[in-house]
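Owing to the predicted nature of the structure, the values given are computational and were not obtained by experimental measurement. No hydrogens, no waters, no symmetry mates; every other heavy atom, side chains included, goes into these values. Remember, it's 1-based here, ligands and their atoms both numbered in the order they're listed.
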Amino acid sequence: MKKIIIANWKMNPSSAKEAERILNGVKKTAVRLKKTQVVICPPFIYLNNLKKIIGKSANLSLGAQNAFWEVEGAFTGEVSPEMIRNYGGSYVILGHSERRALGETDEIVSKKTLTCLKTGLKTVVCIGEKIRDEQGDYLVFLRDEIRNSLNKIQKKFLKSVIIAYEPIWAIGKKDTEAMSPADIHEMAIYIKKILSEIYGQESALAVPILYGGSVGGGNAGNIIKSGGVDGLLVGHQSLKPENFSEILMSAENF
Ligand code: PGA
């Protein structure tokens, strides 16, 4: 399976020109990769411009950071999965902790996931605990978050689902403060176990598990090598083409 490295640009940058500059910087490295799929998730408004830069390169794709659960209609301010597809997006990130902090529940994530999957988008469902407690309550929290976020998803859709494990306490820091590869490995196994309970082992083991939270050039290689994950979800470091390219090369050469 190819490694999947996703850039989550969040609400950045503030101009289309800057968005194009970042993507052009990343593209130089991305198009040379053989074993790594690169997915750039900018704000919706840049998708159309960036689509033109990406062209037909097979291992560089576009995605969105959110989508609505309805197909069309009177939903002011929302963007449908079909619109994302028509603007060149083939991936979507759903249930990011920053969206959950604004009120997005597991139920909403589940509804959005279903519509995105039906539209043919590869859907990255984010999960992650706020804190780690000594009693292990975070494990129960994660189990429920996975089950409820995938509540509406039948096994037949699972091949287009990607799980991004992003412990909230590890987001937005220096790469020295990310979760350790050994702990990430443990969590990857735990997530596979939960998915196996829902969908059976064979289907569950085919779901890519990504890690996100303070990934940078300094830790990407070790996380890929020893973290037992199929890729990375990269936030602030994905806005710096040189740093992001370093992460891509770590995945490619692992
Ligand atoms: P970070 O963000 O890499 O800046 O920690 C990751 C994310 O929130 O997706």
Side-chain angles (χ1 to χ4, degrees), residues 3-14 18-19 22-23 25-26 30 36-44 46 61-67 84 89 91-104 109 112-113 116 121-132 138 142 145-146 149 161-181 183-184 187-188 191 208-224 227 229-251:
K3 296 292 174 207
I4 307 167
I5 310 292
I6 304 184
N8 177 12
W9 286 4
K10 308 192 179 186
M11 201 172 72
N12 299 292
S14 46
E18 178 63 3
I22 298 170
L23 181 60
V26 171
T36 312
Q37 184 67 36
V38 186
V39 184
I40 305 293
C41 298
F44 296 125
Y46 301 138
S61 315
L62 277 179
Q65 302 166 18
N66 184 26
I84 294 167
Y91 286 74
V92 64
I93 299 171
L94 294 178
H96 190 280
S97 57
E98 287 153 15
R99 296 209 53 82
R100 291 179 185 266
L102 296 173
E104 196 156 298
V109 175
K112 290 181 169 184
T113 302
C116 286
L121 293 174
K122 291 206 182 293
T123 304
V124 183
V125 179
C126 299
I127 54 155
E129 77 279 3
K130 272 202 193 77
I131 46 161
R132 297 210 126 194
Y138 68 95
L142 276 175
E145 195 179 40
I146 295 170
S149 300
V161 172
I162 295 164
I163 300 289
Y165 170 59
E166 298 205 298
I168 298 172
W169 52 268
I171 291 178
K173 305 201 166 140
K174 289 191 234 131
D175 55 12
T176 47
E177 294 169 71
M179 196 176 207
S180 73
D183 285 349
I184 293 171
M187 294 312 297
I191 292 162
I209 313 284
L210 314 186
Y211 168 78
S214 305
V215 173
N219 61 1
N222 276 341
I223 294 175
I224 292 279
V229 286
D230 306 295
L232 304 164
L233 180 50
V234 186
H236 65 283
Q237 292 291 339
S238 70
L239 292 159
K240 301 175 189 154
E242 274 164 36
N243 298 15
F244 191 60
S245 297
E246 200 184 327
I247 295 169
L248 296 181
M249 291 316 292
S250 308

Quiz item: What are the two closest heavy atoms between S149 and V125, and how far apart are they?
Solution: CB-CG1, 4.1 Å

Quiz item: Any chance NZ of K173 has more than 12 other-residue heavy atoms, nucleotides or ligands included, within less than 6.0 Å?
Solution: yes

Quiz item: Hey, what do you get for OG (S61) to CD1 (I6), rounding to the nearest 0.5 Å?
Solution: 9.5 Å

Quiz item: If you count the atoms of ligand 1 from 1 in the order shown, which ones are under 4.0 Å from a heavy atom of S214?
Solution: 1 (P), 3 (O), 5 (O)

Self-check item: SG on C41 to CG on N66, rounded to 0.5 Å
Solution: 11.5 Å

Practice problem: Look only at interatomic distance and state if G235 has a nitrogen or oxygen under 3.5 Å from any nitrogen or oxygen of ligand 1. | Solution: yes

Self-check item: Polar side chain donor-acceptor pair, W169 to E129, under 3.5 angstrom
Solution: yes

Quiz item: Can you list the ligand 1 atoms lying under 4.0 Å from a non-hydrogen atom of G172?
Solution: 1 (P), 4 (O), 5 (O)

Quiz item: Nearest protein heavy-atom contact for atom 9 (O) of ligand 1: which residue, which atom, what distance?
Solution: E166 OE2, 2.8 Å

Quiz item: Side chain, backbone, both or neither: which part of Q237 has a heavy atom under 4.0 Å from ligand 1?
Solution: neither

Quiz item: Which of the atoms of ligand 1 are close to I171, meaning less than 4.0 Å from one of its heavy atoms?
Solution: 2 (O), 5 (O), 8 (O)

Practice problem: Could you list the atoms of ligand 1 found under 4.0 angstrom from a heavy atom of G213? | Solution: 5 (O)

Quiz item: Which pair of non-hydrogen atoms, one from N12 and one from Y46, has the smallest distance, and what is that distance?
Solution: O-CE1, 4.4 Å

Quiz item: Short N/O distance, under 3.5 Å, between H236 and ligand 1?
Solution: yes

